[in-house]
Protein chains: 2
Amino acid sequence: MAAREQREIVSRRARPAKAALSQDVIVSAALDLLSQKGMEGLSLRKVAAALDTGPASLYVYVANLDELLSLVLDRALGEVERPNDPAGDWREQLKMLLRSYFTLLIDRPGLAQVALRTIPAGPHMADLTETMLALLTRGGVDVGRAAWALDLLLLHSAGLAAEQDNRRHTSMDTLMRRLKETTDSMPADTHPNIRAAGAELYTGTRERYEWALDALINGVIDTPRP
Amino acid sequence: MAAREQREIVSRRARPAKAALSQDVIVSAALDLLSQKGMEGLSLRKVAAALDTGPASLYVYVANLDELLSLVLDRALGEVERPNDPAGDWREQLKMLLRSYFTLLIDRPGLAQVALRTIPAGPHMADLTETMLALLTRGGVDVGRAAWALDLLLLHSAGLAAEQDNRRHTSMDTLMRRLKETTDSMPADTHPNIRAAGAELYTGTRERYEWALDALINGVIDTPRP
DNA sequence: ACCTGAACACCGTTCAAGT
DNA sequence: ACCTGAACACCGTTCAAGT
């Protein structure tokens, strides 16, 4: 994949002060904006501004905003840590890979939303897919089930990351207050379980993720396809 | 909740030809637009236009777009079928409830995206939460684990619905072609598992969902919290 | 072939002015 | 209290005109 990126670099002699435009440069600028300011900080116009040009210029390298987002996601996916010891514990290796994916999405506000919206296609996504299929196969799961399991696992990490990204802006207090408001406005005994669960509904970020990882893998392991 | 909605109805004597504005009317119009035209068909300005008024008028009843989306989601959630036989099979009842939620999101293009973006708060969400907690408790799961499981299950249905909504616009052929393009452009033997999985990566909409439901519930059942 | 300015058709939100 | 027109500060995308 490094080769693929290098192939797009363009000579900078023509305009020494200004970075030459290329798909690569555009994707980098977009990912930077997304990482620093989240989804609201990313727009074609802002990417163009960051590159000191007009929005129309980007359309030479990128078909539209959707394609740009898809490219940004694939670029980011290159940083997911993939295990390389084919003799190691497949389960632990799978969990490490997913943790790395999750952390990546959490660290770049807005990227989780992108992951849920765009259909990922690109070299890094292909590598990730291949690695996960291999790990699941090593765990005794047949290829077909592994294909479905892969979707389940990636979807969960992206979904949870997006959820926590949303909640970053809303304080726990606000959440609990809103919950209290809606439940308190109802007859006292209609929602006993919500009352019993209480803060458990929202707390436990890290442990919750670890538990979910185990629950998902356990479920995949002992649920054959119909 | 019916009472809550009725309370907001306003006299229509003042303007016989034009429907009186209220939060209720606004949410209904927004849900209609979302159901018919998807996420792109929904905007504050279009809701206002549908109600034959200007966008500024809506701000009397709704704080901003986020709040409107949250209200729309909760309104739609009222249609989720909740079981009422406390002696029935909890597992089957839980699956039916989730299927109903999933179908609801699939039938209203864009709503799945809303479900993934907004933190649901409202009477219908409270009812849904309560019912799911009760079912899981009946299945022998303690309240704390049930709270986490609930999140896992709803997140999955919403995520899968959003994924399929995205793919509605992209044909299977396009997906497979793109996949082929990226994998074919690489050395032949680096991605054997992707080659083996092939179309399985994308196919099996309904069976895939049913399998995932079982896998998730199985995983929740035999994975205690740390 | 690449880049650009200007325009088109939209957004959410605010605010002063009306009733 | 409710409603509105007009404005503000943005969007993605297109296109004719330049180099």
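Here is the naming used below: chain letters follow the sequence lines, and residue numbers restart at 1 for every chain. Note that the coordinates shown come from a computational prediction; the quantities given were computed from them, not determined experimentally.
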Chemist: Rounding to an integer number of angstrom, what distance separates C:dC3 and D:dC15 when you compare their C1' atoms?
Modeler: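 Pairwise C1' distance, C:dC3 against D:dC15, rounds to 13 Å.
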Chemist: So, is A:K46 close to the D:dC10 phosphate, meaning a side-chain N or O under 4.0 Å from OP1 or OP2?
Modeler: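 No, because none of the side-chain N or O atoms of A:K46 sits under 4.0 Å from OP1 or OP2 of D:dC10.
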Chemist: Looking for any heavy atom pair under 4.0 Å, which part of the strands does B:S57 touch: base, sugar-phosphate only, or nothing?
Modeler: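 If one applies the 4.0 Å heavy-atom cut-off, B:S57 turns out to touch a base.
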Chemist: Closest approach to the side chain of B:P55, judged atom by atom: which nucleotide of C:dT13, D:dG12, D:dT13 is it?
Modeler: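 So the side chain of B:P55 is nearest to C:dT13.
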Chemist: What I want to check is whether the side chains of A:S28 and A:R75 have a donor and an acceptor closer together than 3.5 Å.
Modeler: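 Side chains of A:S28 and A:R75: pair found under 3.5 Å.
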Chemist: Measuring to OP1 and OP2 of D:dT4, would you say a side-chain N or O of B:T53 lies under 4.0 angstrom away?
Modeler: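 B:T53 to D:dT4 OP1/OP2: side-chain N or O found under 4.0 Å.
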Chemist: Reading DNA chain D from 5' onward, which residue's closest nucleotide shows up sooner: B:A56 or A:L42?
Modeler: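 The answer here is B:A56.
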Chemist: Would you mind pulling out the nucleotide paired to C:dA1, Watson-Crick or G-U wobble, both distances under 3.5 Å?
Modeler: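 D:dT19 - that is the nucleotide pairing with C:dA1, both distances being under 3.5 Å.
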Chemist: Give the rounded distance in Å between these two atoms: CG of B:L65 and C1' of D:dC11.
Modeler: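 My rounded result for the distance is 14 Å.
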Chemist: Please check the phosphate of C:dT4 (OP1 and OP2 only) for any side-chain N or O of A:Y59 closer than 4.0 Å.
Modeler: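 It does not, given that no N or O in the side chain of A:Y59 lies less than 4.0 Å from OP1 or OP2 of C:dT4.
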Chemist: Which nucleotide, in any strand shown, forms a Watson-Crick or G-U wobble pair with D:dT13, with both distances under 3.5 Å?
Modeler: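 Pairing partner, where one exists within any strand: C:dA7.
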Chemist: Look at the side chain of A:V60 and decide which nucleotide, out of C:dC3, D:dC3, D:dA6, has an atom nearest to it.
Modeler: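 The answer is C:dC3, which lies nearest to the side chain.
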Chemist: Given the C1' atoms of D:dC10 and C:dA9, what is the spacing between them in whole Å?
Modeler: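 13 Å, rounded to whole Å.
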